[in-house]
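Accompanying notes for the structure given below.
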Amino acid sequence: MSDQHTQTQISSAEVHEVFADLHTRYGVRGLEEKRADQAFVRTDRDEAVAVLTHLRDRHGYTHLAFLTAVDQIEEGRFELLYMLHNYELRHDLGVIVEIPREGDGCSMDTIHRMWPAAATYQRELREMFGIDFPGSPRLHEDFALEGWHDLPPMRKEFDTREYSERTYYARPGRTKTDTRQHMKDTIYPSEAETW
Amino acid sequence: MTQMILTKALYTVISLAVITNYALILIGTMARIRAKVQGRVGQPFYQPYIDIVKSNAKRTSISHGVMFFLGPVFRLAGGLGTYLFIPAIFGSVIFSNFSFSGDLLLMMYFIFFGQLGMALGAGESGHPHSAIGVARGLAQMTAFELPFVLSVVALAAQYGTLSITEIVAAQQGGFTHWAAFTNPLAMIAGMIAFLGMSGANPFSVVVAPQEIPIGPPTEMQSSFLGMLQTNRAIFNGAKMVLFMNLFWGGAAHENLLVAILIMVVKTFLIYLYVTIVGASFPRFKTEQSIRFFLGVPTVIGIAAVVLQMV
Amino acid sequence: MATADTQTRRYQEPGAPGNAAVVNPDPRTVTGPAGGTGQGDVQTVDGQLRILTEELKLANADLRSEDRGNFCDHPPEVIKPFRAFWENFLNWARSESLWILGFGTGCGAIELRPLMTSRFDMYQYGIQGRPTPRQSSVFVIGGYASVKTMKRIVRSYEQMQGPKFVLGLGSCTINGGMYWDSYNTVNRLDHYIPVDVYIAGCMPRPEALLAGFVKLKEMIKRGECEGANRYAENFEWYKANQKRIIKNWDMPDYNW
Amino acid sequence: MVSPVVLIAASLGFAFLYPLVERLGERAATRIALLVLAAFAGTTAGWTVSLIGSGVALTADTAGFVAPLSIQLQVTAVDALAMTVVTLLALAALVQLTERATDRWHGKQVVLFFVLLLGSYGLIMTRDLFNVFVFMEISGISVFGLLSTSRDGRVFEAGFKYMVASGLASVFFLIGTAFVYRSVGSLSIADITAAAPVALASPVGVMGLLFLVTGILIELKPAPANGWAIDTYQAADPGIGALLSAVNATAMVFVLVRVMPILAGASPVFVPLVLIAGAGAFLIPQAQALLQESFKRMLGYSSVAQIGLVVLAIVIPAAGVPFAGVALAVPLVLLLNHAVAKATLFWIADATGDDASGFGGSLPASLRGRPALLVVAAIAVLALLGLPPFPGFWAKWSLVMGLAAGGHIGLLVVVLLGSLLEVVYLGRWLIMRMRHVDDDATVVSQRIPADFAESRADAVSGAASGASDASGAAAGAIPVGATVSLGLATLLMAGASVAALLGSGVGMPVLIVLIGVAAFAVLDVLRIPLRLQAIVAIAGLSWWGVSAVSGAALTLQSGFVLLFVGGAVVQLVALLARPGRRAGLVALIVGMVLSLAALTAATSPLEVFVAWELMTLTSFFLVVRGRFAAAASVRYLTFSLASALLMLAAFSLATAANPAFGTGGGVIGTLTTSVPWAAVLLALSVLIKLGAIGLHIWLPSSYAEAEDEVSSLASSVLSKAGILLLFLGAGSFAAPLFAGVALNQVLGWIGVITALAGGMMALFQEDIKYTLAYSSMSQLGYMVLAFALMSHLGWVTALYLAVNHLLFKGMLFLAVAGIVMRTGTRLMYQMGGLIKRMPFSFVSVLVGIIAVSGVPPLAGFGGKWLLYTALIEQGWYLQAALALFSSGIAFLYLFRLIHSMFLGQRKTHHDTVTEAPAAVLIPQFVFLVIIIAISMFPNLLIKPLQTIVEPAFASSVRWEGYTVISSLGYWNGNAVMYVVIGVFLAPLLWLLAVKGRTYRVEQFNIVFAAERPHTPQSTHYAYNFYGHYQKAFGRLLDPWVERFWSGVSATAGTVSQTLRAWNTGNPQTYALQILLYLFLTYLVARGGL
């Protein structure tokens, strides 16, 4: 019984159908089916809002599960991930949008008019990554941090350890352990060979 | 004259010392009994003393203004006065206190004295929880006051007097003469009202620690809190002595020590009753407790009064 | 029973306080805004923090001017204990009546709850909870303290009336624990408020907490817990440390 | 002496000559017309003076024959007086009509005016039945002519209706005359009167008289056949309205007076017929006028109603009612009173130029800022309403007394009900016109701004007229014509009032009230500043009060004088805080205090009633001064005058049963009556004044919306008048009412329920003044309860509570006045934390609320102790329990009051608030000292009160030192005080000894869940303070009483609408109505035949 509820109601063919539709309309690309109930697609920044709207209105992805960002510092860009959920099909679809990391380009259209809750995610992204969402409500208010004036702490070039040492009076005498090495040496020495 | 005043002062000190220490120990003991019921060791019976000493041992305190400063003083004065206007032990000169100043009516209204002062002090702290607590407390007070008043009126009608001493005198001569048995309806109404008066569960919404920490005394600290703790003991003692006098025949014996023992036993039982009820019931919301008191207890009280009229 | 060892630690004297200037126990602190733009940072005069005005009142520089009248501007003062016997008696009373502030600052707060149960029964040690800092004497810092929480900790600590005691519960309060390199978690609690007893472990069990309380009681009885006075004595040092991490101060310099 | 014929001839002659005179120029001609009219006035005045002296009539027989051959004109003293007044009013009317700014009269209008006057003179003077018809026709045609000269179609249409109706009336009259002539063979009224019992008793004669009287009645425009007249009043020029109402109607009434003896002689059916007609003519239009939106139409209704009353008054002597003095005194005074007042109101309508009756809030407050016009309008309205000192009052008093004495209870009800309705619509008009320009006349309960904004506009609720005077002055200068006409009318009214006063035989105290008001009014005219006036008033009243009580033994009378005058003098000091001028304020306050004093000194029911009415009037004008008091004062006036009318009814019934009723005066039980209904009415009257539950809806808003100082006076001093009256009427209330229940038991329950309900209502008010007003209601309930006990202790309690209430309510209201003055708001949640800014006010309020709530050791406990002891002693157990419950509720609202204002968080914009002015604080501290004194030494108050009650009851308590001992318990206020001081000082010293270092912190230094407060507004817990209480009681707290009275008001409105629908505005309908009226009179007469 309960399995039925959690199991996806969508077949891979249907996912492909949705993808094909998006592809012809908006040039969406890069379908990745991670699980039966979860897939990811990529789209351009300019098409993203249209894609999301289309998904919400035409394909039943009415729920914005979350919105987050991944810092791909090596490639000089952020990947925004809009995770949508379809209640009918019990299927998650992640829409990945790439935006530049630096300068004026580091911004994205707001979607708070489609999902009011998105404003909160956007505030968090602004605070933690420095991504701008022009027009999003209360965007520049403090969210989780209070009075933060440094680099946005989730950007990879922000050296949190250096910041901590500079700011928080590290207690002298603390020994630091490389976690990987510690696991290898102490905790799982027998499995270490296989790594 | 001077000798008379000094004697009275001495008696007063003795009377107050007895009630204060007794009530403090009673509170401690009762907490320990409750702990035992819950399977704990519990705090020592003298814990209330330590708490009071600790509060007074605070090195700093803050005051929000004159009324805040005087609030606990008013409160303690209310407790002391309430006790001092009640004859604690029937027939005893030492424990007759200042009951010659007025009768039951004086006592009933003097209860307000401390509450008003405390409410003003709490109000001046500027803390919204204090005001909320006071608003709840006062509202609840008017509600339990009605059955209480009805039972008192029934007693006054029964005995034809408002003097506490005379009410106690009329109950002498065996427990069948106690008002609790000669006027059971008044006793029931009064004892239910007493639950509200003592502020224990289910009528503890005034302080409601989880909700409006902790009501009126939210801002009270250090010596101010110490006074409130002292008052809690005295005021509780006074109220229990009052109810003992009204319904349970008072404490009377030619031997003063025996009389005190009678008082101890009776008030202990009264307090135990409050504790048991408190441990057994969850907390009422304000409007619930108002409705409760204006319901069944009031009807019982009216019945008691009507019985005296026919 | 004790699964975590209890470690007590005397406070490191930060040095003698200077004259309306900030003692600088650590060359990396205080002078100049630390990191960031400096906007909303500690007000400085000649590169140094000003907490007190010339009349020895709190400067309350971070408050809006219309708010200043609504807060007391008296700085905390050192209050000398009484002499031997009397103070010992009072200390005994203080140690036997420990009222905990009901403020769970971190994940460790979960370890406080079992103390109320019949199994641990803190009441037998004279310990009980209290919902308002005004009436509490013990502040249990329940684990990691983020900057945001630190602000509330400082405020609540200052609102308690002295003598007051602080228990640091868990490794995070000692050196940041597993959050030692976070951009948002303080490493050493004792740089912000005076701590009397640390309880190591992640997380320490309730028994360890009780052991910490017993230790605290012993120390109080010995007259060693003068945290409030230490705080007043080194007020400017503590303030400088606090203000260095708490950027939107928006409260008086001492929360009475 | 000039012959009456000359007057007729002169009128006619001048009317004919006027077109020639006009050749001299229009202005000159009108001036000459005025001169001629002045000459007429001189003539009639000359007749009056000489005839009153000689007591004989002036007779002129025309054409050289004697009556009945000739037409006889006769002028008696009464006729001459009426003609003088008519002429003077006509003169005033002509001045206005020819001198006003627009649409001046000239040419044929003046001609027709003189013809109308001629007709009226003729109607009054002629003693010939056919001649009456001629003059009726002349009047009718001239009125029609005046109406038809207008180019306004509506006026013309009205004229047509008038023509049809008066034509019908004339026809009836003529038919009647023919019948009468056939039966008697003479047209001379004297002959007919003599012959009537024989010649006219036949059915034919009666039939003829029926036509005759119907014709006259129709001319008097009786309801329900008067729609045509009403339309005329509404459509016509107000000048014509004034003429119709004052001149023509007066003349027609004289015709009825002439004919009445014939009717009475001919058949017994006519007196009841005319009585019924009069009653209908009085009551129906009053109801119709209730919702009237056109002022002129409303005045029209009022006119026909007044004439109805006059008709009643005329008939009643014929019905055998014994009247003192001249046979026609009452109707004549009523008639002239009405003529002058109504003409005045029509001219005011003309002068203000708008016709709105002031129904609803959007209408202009056009009399605000025009003091002269306002005074005149007020005089006219009050005179019409029959309030002292105007002549109408004395007439109404006599009429009501006569009705009761004659056993006409039904008519008594009609007269009182009609009078009440008249109060509603005329009072409302006056109030709406004099209200503050900001007032939308909807405020009858507290108002909370929708957005919680700090409303500084509410601020100066007290600052009544000051600012608007200047702006209003520009609103319009009054034209010359109106000035002269109104001035003349006012002089007439003033003269009549003085004459009535002198003739009425009321005592000195009543006169002193009027002299006091007049004296301070003169100071206002001299533009003496308020402070100076207040000082004069304080000095004068103190002197007067001291001289009134010094040396006198302590009795109810002197006790209440002390209470009233003392209480008021102390509170008058507060006025010194107000700079500038406040026209009328001191005069009215002095008037109110003096009328209260007059109440104590009254030695007859008349004096009691006059004092009561004067108190009502002065206090009404005090209340109406409030900035948003319009709606409240409509209620105040309506309920107060309802109370007065009930009292009047009670007095009349009591006097009818026992002519010695109420003589004696000033002692307990003076006004005792054994008539149960009189006792009930008296009780009702007093209960209204005391704001007892169900009758209280006027009280909160009146006390709250008045100016702050007035609120305090009204609540602390004025409200005790009802208590005094209870004591004066004491003996009446013990009588068994029904099934063995005595009136006092009912009173007791009403008292305790009032106490409870007042307290409950006070709980949920955000507006501090409403809280205090409801609190007053509650306290008065206690006093009624205590009084109703009818025992020694009960009465001592009632008086004790009265004194105590005076003290603490004065303190509280004045403290609030100071706070409102400083903070600019009356809403409690907008205050807070003022203790540090206004510490003295805080102390005053603190002592005040301790005194109210009865917490020992202050004096309030004395009241509680006495009350419960008295209640339990009498076996009123449930009442005692309820009283105690409501005393707990008092504690609740009092705490809310002091907390919300003084404690909690202070608003940032109140940081600079300063302590209330010394002048406001001084009275508070005087009261405070008194409270402390009587708390320490309760015998200071209780023993004198025992002395006062002693004549009625022997003491039931005894004293041992400071201990008062009752049969139930004992109380030693002195010992309590010492014990309290002791138990207070001991902990205080202990605290000072053990406390550590104490730091004084500020308002935001609170524990706030580890946050900090940001605004005082969101931190101060004050709004909806007892929400949970409201929730607990649920629908029990719904405003049932308010709903009931809304229902009454709506029902009255529906009745009014239904009645008004009868007047369709259609001439055919009106003609049919008149025919039906004839049929109706026939039916009534048949019923009697």
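All values below come from the heavy atoms of this structure, side chains included, with hydrogens, waters and symmetry mates left out. Below, chain A is the first sequence line, B the second, and so on; all start at residue 1.
- Chosen from D/Asn974, D/Asn972, D/Thr869, the residue pairing most often with chain B at heavy-atom distances under 4.5 Å is D/Asn972.
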key: CA sep, side-chain torsions, deciding dist, call: B/Tyr109, D/Tyr868, side chain to side chain contact (heavy atoms under 4.5 Å, CB included)   = CA-CA 12 Å; B/Tyr109 270 91; D/Tyr868 301 124; 2.9 Å; yes
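- Atoms CD and CZ, on B/Glu287 and D/Phe1033 in that order, are 12.0 Å from each other to the nearest 0.5 Å.
- Looking at every heavy atom in both residues, B/Ala119 comes nearest to D/Leu903 through O-CD1, 4.5 Å.
- Atom CD1 of B/Ile290 sits about 10.5 Å away from atom NZ of D/Lys1031, to the nearest 0.5 Å.
- Within the 3.5 Å criterion, the main-chain N or O of D/Gly888 finds no donor-acceptor partner in the side chain of B/Thr142.
- Contact count versus chain D (heavy atoms, under 4.5 Å) is highest, among B/Val66, B/Val134, B/Leu104, for B/Val134.
- Counting only heavy atoms from C-beta outward, the side chains of D/Ile1006 and B/Pro128 approach each other to under 4.5 Å.
- Here the side chains of D/Lys836 and B/Glu124 are in contact, with some heavy-atom distance below 4.5 Å.
- In this structure a side-chain-to-backbone donor-acceptor pair under 3.5 Å is present from B/Arg291 to D/Ala1032.
- Contact record, B/Ala139 with D/His1028: CB-CE1, 3.4 Å, taken as the closest heavy-atom pair.
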message = Could you walk me through whether B/Ile62 and D/Asn1005 satisfy the side chain to side chain contact (heavy atoms under 4.5 Å, CB included) test, starting with their C-alpha distance in whole Å, then the side-chain angles of each, then the deciding distance to 0.1 Å, before giving a yes or no?
response = CA-CA 9 Å; B/Ile62 57 142; D/Asn1005 286 111; 5.8 Å; no
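- The structure places CG of B/Leu116 at 9.0 Å from CG of D/Leu894, a figure rounded to the nearest 0.5 Å.
- Side chain of D/Gln905 to main chain of B/Gly126: a donor-acceptor pair is present (N/O by atom type, distance under 3.5 Å, no hydrogens or angles).
- Ring-plane geometry between D/Phe984 and B/Phe113 is classed as perpendicular, the angle between the planes exceeding 60 degrees on a 0 to 90 degree scale with a lower cut at 30.
- With hydrogens and angles disregarded, a donor-acceptor distance shorter than 3.5 Å links the side chain of B/Glu219 to the backbone of D/Val1007.
- Looking at B/Leu120 and D/Phe902, their side chains never come closer than 4.5 Å, going by heavy atoms from C-beta outward.
- Going from atom CZ of B/Arg136 over to atom OH of D/Tyr1029 covers 15.5 Å, rounded to the nearest 0.5 Å.
- Among the candidates B/His127, B/Gln308, B/Met227, the residue making the largest number of heavy-atom pairs closer than 4.5 Å to chain D is B/His127.
- When all heavy atoms are compared, the tightest approach of D/Ala881 to B/Val149 is CA-CG1, 3.5 Å.
- Here the closest heavy-atom approach between residue B/Ser99 and residue D/Tyr970 is recorded as O-OH, 2.8 Å.
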task = Evaluate the side chain to side chain contact (heavy atoms under 4.5 Å, CB included) criterion for residues B/Asp103 and D/Trp971: first the C-alpha distance (whole Å), next the side-chain angles of each, then the deciding distance (0.1 Å), finally the verdict.
result = CA-CA 7 Å; B/Asp103 48 27; D/Trp971 169 52; 5.7 Å; no
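- No side-chain heavy atom of D/Tyr999 sits less than 4.5 Å from a side-chain heavy atom of B/Ser61.
- Only the side chain of B/Phe85 comes within less than 4.5 Å of a heavy atom in chain D; its backbone stays farther off.
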